[in-house]
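First up is the structure itself, then whatever we jot down about it.
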Amino acid sequence: MTTMVNVSLPEELISQAHSLVQQGWVSDFDGLMAEALRRYLESHGPALSEGFIREDIAWGLHGTD
């Protein structure tokens with residue numbers, strides 16, 4: 001199952017993505033976008049987010065500017 005998503009992206013990112021497709025590094029633009037989102041979600045999972053939140057709380061309680 002797939003869902004259509006509309007997003008606004010900087011022209012430079014679109015240009016780089018289309019270049020990768022034209023050079024044959026990826027099969028198509030949609031596949032590249034799906035892979036990029038999958039990798040982002042994998043690398044920014046709940047455990048990582050929780051660590052950042054805990055750091056922010058510790059800074060809020062004990063940190064200085």
Those residues that, when tested against Glu42, pass salt bridge (Lys or Arg N to Asp or Glu O under 4.0 Å) (two or more places apart):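 Partners of Glu42 by the salt bridge (Lys or Arg N to Asp or Glu O under 4.0 Å) criterion, ordered by chain and then number, come out as Arg38.
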Do Trp25 and Met33 land in one hydrophobic cluster if side-chain heavy atoms of ILVMFWY residues count as linked below 4.5 Å? yes
Between Val26 and Phe29, is there a shared hydrophobic cluster once you connect ILVMFWY residues whose side-chain heavy atoms come closer than 4.5 Å?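 Looking at the clustering, Phe29 is in the same group as Val26.
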Can you tell me how far apart CG (Leu32) and CG (Leu37) are? Round to the nearest 0.5 Å.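 The CG atom of Leu37 is 11.0 Å from CG of Leu32, to the nearest 0.5 Å.
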Using atom types as modelled, flag every donor-acceptor pair under 3.5 Å from a side chain in residues 12-21 to any protein atom, sequence neighbours excluded.
| from | atom 1 | to | atom 2 | distance (Å) |
| --- | --- | --- | --- | --- |
| Glu12 | OE2 | Gln16 | NE2 | 3.1 |
| Ser19 | OG | Gln23 | NE2 | 2.8 |

Side chains of Ile53 and Ile57, heavy atoms from C-beta outward: is any pair under 4.5 Å?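 Of all side-chain heavy-atom pairs linking Ile57 with Ile53, at least one is under 4.5 Å.
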Taking side chain to side chain contact (heavy atoms under 4.5 Å, CB included) as the definition, give me every residue that meets it alongside Val5, ordered by chain and number, with sequence neighbours left out.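 If we apply the side chain to side chain contact (heavy atoms under 4.5 Å, CB included) test to Val5, skipping adjacent residues, the hits are Val7.
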